[in-house]
Peer 1: 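Sharing a structure with you now.
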Number of protein chains: 2
Amino acid sequence: MPARHDIVRDGERPTDSTVLLEGFACRYKLLSGGRRQILAFLIPGDICDLQLLVMDSMDHSVATLTPCRVASFPRKTIDHLCELSPALLRRLWRETVLDAAIHREWIASLGRRSPYERVAHLFCELTHRLQAIGAVREGRFEFPMTQADLGDAVGLSVVHVNRTLQQMRADGLITLRANVLTILDEARLKAAARFSGDFLGAGVAVAPEQG
Amino acid sequence: MPARHDIVRDGERPTDSTVLLEGFACRYKLLSGGRRQILAFLIPGDICDLQLLVMDSMDHSVATLTPCRVASFPRKTIDHLCELSPALLRRLWRETVLDAAIHREWIASLGRRSPYERVAHLFCELTHRLQAIGAVREGRFEFPMTQADLGDAVGLSVVHVNRTLQQMRADGLITLRANVLTILDEARLKAAARFSGDFLGAGVAVAPEQG
DNA sequence: CGAATACTTGATTACCTTCAATACGCGTGG
DNA sequence: CCACGCGTATTGAAGGTAATCAAGTATTCG
């Protein structure tokens, strides 16, 4: 699937579900006046349209940022599997809970964090998530989002994103060149973002706790 | 339970779960420097700590805004019920998906909507949700949030919230007095907010769809 | 009735957006 | 190989919007 291509669109209900295997994508909403808000970044392993298992239709769109490899399969299939395996059901639910936790962190960022903190926090989140799938090497990882994308994610203008990045570079926190983001000083970056990875927290075993 | 009282706190994992039966509450996060971001408003019927069924601990706190009547019960109990009834499991999952959809709408608000649109949108969301539980009479409902709360929800200063409200009053959209919000012109309010209730969309039947 | 909390208003300041122009990097085709 | 062109990044200047600061007024509650 090529870059900059919609995987699912707002309002749709495709019969097939899609998992991202390789590449980056994002969830986004289009608002009146050509405004766009990016809601989340998707990395390999993320399911694009999980909500359709329990909802009527998508409330937002998902688009690739880079060329992506994806897997599609009939949603009916998972539905059946879920009937057979409550453990799977629970696993998928957990996925949704995690997404919601990330959403909440974004709300906190957009509402009450400074621009600098916001992008620092986003970088921390991505580092953390990408680390979990082994996509970080020596604090370096692919970062294909343009500054415009970044702006639509953190609620800032392109110009201000640019200036914020300059500042972070000047502070020796990061390097961002040729679609590669390097975290130069993770500790200081986390401090600047007031990042605590807790919200990405280790979940609970799939089997119900036995109290 | 009295007003302004924490039901669950960030990082905790109480053994009992709580449902809101009467009154208003909110989810919130505390940030450094005394900043607070409200993440969601809870109305009767909402579960405070649903995530604990699949996560280790809370990633945020929940506090009452008004005196509330709540129901508590051991989480172990739901856990067992879920084992017996995948339909219940699915129902709870759906609840989480809905929460996430509301979160996404807030992200869009905070990131890309004007202050005026933000509070209009929030009012629309609340109207919509409260209507569903029959808590709206002739476009009027209880609205106990202070302007400071409102500010912490929509990411604005108290002063600016106040001015925005004045503007909405001047525009003949609302009345807000003595903790009662009256929607004077729902159509124009929705238009101002660019509100489409789709994201609160009617879910799908609890039983899996049959293709 | 008094104290505390919430709301309102005006003035000033700071930040971020917008506008506008320029520079850079990369792929394409001459 | 170099010139061109497009998308992205960068920079400066100007303007507007919302935050902050600072009173003052209303409401609520004990």
Side-chain angles (χ1 to χ4, degrees), chain A residues 2-5 24 26 31 33-38 63-67 109-120 122 142-171 174-182, chain B residues 2-5 24 26 31 33-38 63-67 109-120 122 142-171 174-182:
Chain A
R4 305 280 160 184
H5 175 266
F24 287 83
C26 69
L31 283 70
R35 293 172 294 182
R36 178 182 67 152
Q37 176 65 41
I38 291 183
T64 60
L65 292 169
T66 61
S109 275
L110 289 163
R112 286 297 181 224
R113 282 198 255 259
S114 72
Y116 196 94
E117 288 175 308
R118 284 183 217 177
V119 347
L122 177 58
E142 199 198 340
F143 190 86
M145 300 83 167
T146 67
Q147 297 186 0
D149 294 332
L150 220 43
D152 285 339
V154 298
L156 297 171
S157 68
V158 193
V159 173
H160 204 70
V161 167
N162 185 281
R163 293 193 167 126
T164 304
L165 289 175
Q166 309 264 353
Q167 190 59 53
M168 294 182 67
R169 287 192 262 244
D171 293 344
I174 60 154
T175 278
L176 177 50
R177 251 179 40 78
N179 289 350
V180 171
L181 178 67
T182 309
Chain B
R4 306 281 160 183
H5 175 266
F24 286 83
C26 69
L31 282 72
R35 294 172 293 182
R36 179 182 66 152
Q37 176 65 41
I38 291 184
T64 59
L65 293 168
T66 62
S109 275
L110 288 163
R112 286 298 183 223
R113 282 198 255 259
S114 72
Y116 196 94
E117 288 175 307
R118 283 184 219 177
V119 348
L122 177 59
E142 199 196 341
F143 189 86
M145 300 83 168
T146 67
Q147 295 186 0
D149 295 331
L150 221 43
D152 284 339
V154 299
L156 297 170
S157 68
V158 193
V159 173
H160 204 72
V161 166
N162 185 282
R163 293 192 166 125
T164 305
L165 289 175
Q166 309 265 354
Q167 189 59 52
M168 294 182 68
R169 286 193 261 245
D171 293 344
I174 61 154
T175 278
L176 176 51
R177 251 178 43 76
N179 288 351
V180 172
L181 179 66
T182 309

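Because the structure is a prediction, the values reported are computed rather than measured. Excluded from the calculations below are hydrogen atoms, water molecules and symmetry mates; all remaining heavy atoms, backbone and side chain alike, are included. In the text below, chain A, chain B and the rest are named by the order of the sequence lines, each starting its count at 1.
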Peer 1: What residue among A:Val161, A:Val154, A:Thr164 forms side chain to side chain contact (heavy atoms under 4.5 Å, CB included) with A:Pro115?
Peer 2: A:Thr164
Peer 1: Looking at residues at least two apart in the chain, or sitting in another chain, which of them share a salt bridge (charged side-chain N to carboxylate O under 4.0 Å, His left out) with A:Arg169?
Peer 2: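 Salt bridge (charged side-chain N to carboxylate O under 4.0 Å, His left out) check on A:Arg169 returns nothing, list empty.
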Peer 1: Describe, as an angle rounded to 10 degrees, how the axis at the first end of the helix from C:dC1-D:dG30 to C:dG30-D:dC1 is tilted relative to the axis at the last end, five pairs per end.
Peer 2: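 Inter-axis angle at the ends, rounded: 40°.
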Peer 1: With sequence neighbours left out, what residues match A:Thr66 under side-chain contact (heavy atoms from CB on, under 4.5 Å)?
Peer 2: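 Testing A:Thr66 for side-chain contact (heavy atoms from CB on, under 4.5 Å), a comparison that skips the adjacent residues, returns A:Phe24, A:Cys68, A:Glu142, A:Pro144.
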Peer 1: Only pairs at least two apart or in different chains count here, so list each ring pair (Phe, Tyr, Trp, His ring centres under 6.0 Å) that has a residue in residues 146-166 of chain B.
Peer 2: none
Peer 1: Can you tell me if A:Thr64 uses its side chain to pair, donor with acceptor, with the backbone of A:His5 under 3.5 Å?
Peer 2: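 The answer is yes, because a donor-acceptor pair under 3.5 Å joins these two groups.
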Peer 1: Looking at residues at least two apart in the chain, or sitting in another chain, which of them share a ring pair (Phe, Tyr, Trp, His ring centres under 6.0 Å) with B:Phe143?
Peer 2: B:Phe123
Peer 1: Just to verify, what does A:Arg113 make a salt bridge (charged side-chain N to carboxylate O under 4.0 Å, His left out) with, not counting sequence neighbours?
Peer 2: A:Glu105
Peer 1: Produce a footprint string for nucleotides 23-30 of chain D: one letter per nucleotide, 5' end first; B if the base is under 4.0 Å from any protein heavy atom, S if only the sugar-phosphate is, - if neither.
Peer 2: --------
Peer 1: Please tabulate, one pair per line, each protein N/O and nucleotide N/O from nucleotides 13-20 of chain D that are separated by under 3.5 Å, including the distance.
Peer 2:
unit_1	atom_1	unit_2	atom_2	d
D:dA18	OP2	B:His160	NE2	3.4
D:dA18	O5'	B:His160	NE2	3.4
D:dA19	OP1	B:Ser157	N	3.1
D:dA19	OP2	B:Ser157	N	3.3
D:dA19	OP2	B:Ser157	OG	2.8

Peer 1: Can you name the residues that form a side-chain contact (heavy atoms from CB on, under 4.5 Å) with B:Thr175, not counting sequence neighbours?
Peer 2: B:Thr182, B:Leu184
Peer 1: Does A:Val119 reach the side chain of A:Gln167, with side-chain heavy atoms less than 4.5 Å apart?
Peer 2: no
Peer 1: Which residue pairs satisfy the salt bridge (charged side-chain N to carboxylate O under 4.0 Å, His left out) criterion with at least one member in residues 146-159 of chain B, sequence neighbours excluded?
Peer 2: A:Arg112-B:Asp152, B:Arg4-B:Asp149, B:Arg36-B:Asp149, B:Arg36-B:Asp152
Peer 1: For B:Ala148, check side-chain contact (heavy atoms from CB on, under 4.5 Å) against everything at least two apart and list the hits.
Peer 2: B:Thr146, B:Val158
Peer 1: Using a 4.5 Å cut-off on heavy atoms from C-beta on, say whether the side chain of A:Asn162 contacts that of A:Gln166.
Peer 2: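 In contact.
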Peer 1: Could you tell me whether the side chain of B:Leu150 reaches within less than 4.5 Å of the side chain of B:Leu122, counting heavy atoms only?
Peer 2: yes
Peer 1: Taking any atom closer than 4.0 angstrom to a non-hydrogen atom of chain A, what span of DNA chain C does the protein reach, first nucleotide to last?
Peer 2: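 So the contact region on DNA chain C extends C:dC16 to C:dC19.
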Peer 1: Does A:Arg169 put a side-chain nitrogen or oxygen below 4.0 Å from OP1 or OP2 of D:dT10?
Peer 2: yes
Peer 1: Is any side-chain nitrogen or oxygen of A:Gln147 closer than 4.0 Å to OP1 or OP2 of D:dG7?
Peer 2: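 So the side-chain polar atoms of A:Gln147 never come under 4.0 Å of the phosphate oxygens OP1 or OP2 of D:dG7.
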Peer 1: Does A:Asn162 have a side-chain nitrogen or oxygen under 4.0 Å from the phosphate oxygens OP1 or OP2 of D:dA9?
Peer 2: no
